[in-house]
Number of protein chains: 2
Amino acid sequence: MRPTECDYAANVTLGIIEGKWKLLLLCHLRNGTKRFSEFAHLIPGITQKVLTYQLRELEAHGLIKREVYPVIPPKVEYSLTEYGESLVPLMDLMNLWGENHRERIKPTERIC
Amino acid sequence: MRPTECDYAANVTLGIIEGKWKLLLLCHLRNGTKRFSEFAHLIPGITQKVLTYQLRELEAHGLIKREVYPVIPPKVEYSLTEYGESLVPLMDLMNLWGENHRERIKPTERIC
DNA sequence: CTGGATCCCCGCGGATACTG
DNA sequence: CAGTATCCGCGGGGATCCAG
């Protein structure tokens, strides 16, 4: 309630959430385990390097689990951890607010 | 539920929320109207340029209201709009999650 | 008092090529 | 298949100076 510094708690959350594709990745993982190539297919716009990077960060924060199967060809599965699921309410809220915001903006688009 | 693009609704929210000081500014405004100089005093780390910029963006998105009093010396007051208040639940949730995350991390700090 | 105008740095994210 | 390595551009944010 007295956020006199930039270490405001909500900013901690923001620091973990922010990243162009993180929320999208987390959202996809809510529907179940995903492989690296599945993400690349689901999200055509992302490059391999960035996909790797964002997944690594989510993993570093304990939100997702990375499981490597020592087979050929390689197989890696990503899944939401229990801790990652604690973000679900926040994701839902952000999703909801974002959709409302879109509809709020739309009327501006119609010029007529 | 089928976020095949980067225009995922939650990302819209993120785009409005993100910014190093925005959440903090919004939080301060929850306690009432603030003047420009008050922000500068409450948040020592922020520069005038950035403060101006972040306030302008929040205003552009309709979250805050900027009221200018034509007096000398200048007086400008910022306040939360009704739309801005619609973000309060999200802010609270982010704050809560952030605090929990801090405590979750702390044990790692104590090496003994 | 409330900014605007500049300059600068750094890191995120993108593009491309290569590898076990 | 699932990455790693390298280069690069852009923009957010900081520092500083100026202005009505």
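The figures that follow rest on heavy atoms only: side chains count, while hydrogens, waters and symmetry mates do not. So that the names make sense, note that chain A is the first sequence line, chain B the second, and so on, each numbered from 1. It should be emphasised that the depicted structure is a prediction, and the values quoted were computed from it without experimental measurement.
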**OP:** Under the side-chain contact (heavy atoms from CB on, under 4.5 Å) rule, what do B:T13 and A:L93 come out as? Steps first, then yes or no, please.
**Re:** CA-CA 9 Å; B:T13 307; A:L93 198 52; over 6 Å; no
Subject >> A:K22 vs A:L63, side-chain contact (heavy atoms from CB on, under 4.5 Å): CA-CA, chis, key distance, verdict >> reply: CA-CA 10 Å; A:K22 284 188 190 159; A:L63 302 178; over 6 Å; no
**OP:** Just do the side-chain contact (heavy atoms from CB on, under 4.5 Å) check on A:L29 and A:F39 with the steps written out, would you?
**Re:** CA-CA 9 Å; A:L29 284 178; A:F39 281 127; 3.5 Å; yes
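For B:H61 and B:Y83, the side-chain atoms include no donor-acceptor pair closer than 3.5 Å.
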What's touching nucleotides 15-20 of chain D from the protein side, N or O pairs under 3.5 Å?
none

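In this structure, the nucleotide among D:dG13, C:dG13, C:dT2 sitting nearest to the side chain of B:K20 is D:dG13. Listed nucleotides: C:dG3, C:dC1, D:dA2. Nearest to the side chain of B:R66: C:dG3.
Without hydrogens or angle criteria, A:S79 side chain to A:T33 main chain gives no donor-acceptor distance under 3.5 Å.
Under the 4.5 Å side-chain contact rule for hydrophobic residues, A:V50 and B:L14 share a cluster.
The side chain of A:R56 places an N or O atom within less than 4.0 Å of a non-bridging phosphate oxygen (OP1 or OP2) of D:dG3. In this structure, A:R35 does not reach the D:dG3 phosphate: none of its side-chain N or O atoms is under 4.0 Å from OP1 or OP2. Listed pair B:Y53 / D:dG12 meets the phosphate criterion, a side-chain N or O lying under 4.0 Å from OP1 or OP2. Neither OP1 nor OP2 of D:dG3 sits under 4.0 Å from any side-chain N or O of A:T52.
For A:F39 and D:dA2, the CZ to C1' distance is 13 Å, given to the nearest whole Å. Put simply, CD1 on B:I46 is 14 Å from P on D:dG12, counting in whole angstrom units. Spacing between atom CG of A:L14 and atom C1' of D:dG12 amounts to 13 Å, rounded to whole angstrom units. Atom CD of A:Q54 is separated from atom P of C:dG11 by 16 Å (rounded to the nearest Å). Separating the OH atom of B:Y78 from the C1' atom of C:dT2 is a distance of 7 Å, rounded to the nearest angstrom. When the C1' atom of D:dC1 is taken as reference, atom NZ of A:K34 falls 17 Å away, rounded to whole Å. One atom, CD of A:E57, and another, C1' of C:dG11, lie 11 Å apart when rounded to the nearest Å. Regarding A:I72, its CD1 atom lies at a distance of 12 Å from the P atom of C:dG20, rounded to whole Å.
The aromatic rings of B:Y78 and B:F36 sit tilted relative to each other, their planes meeting at an angle between 30° and 60°.
Taking the C1' atoms of five terminal pairs at each end of the helix from C:dC1-D:dG20 to C:dG20-D:dC1, the two resulting helix axes are inclined by 50°, rounded to 10°.
Contacts of B:Y69 with the nucleic acid, taken as non-hydrogen atoms under 4.0 Å apart, are absent.
Of the inter-residue distances, the one linking B:L23 atom CG with B:L58 atom CG reads 9.0 Å to the nearest 0.5 angstrom. To the nearest 0.5 angstrom, B:L90 atom CG is 11.5 Å from A:D92 atom CG.
Judged by the 6.0 Å distance and 45° axis criteria, A:K75 is positioned over the aromatic ring of A:Y69.
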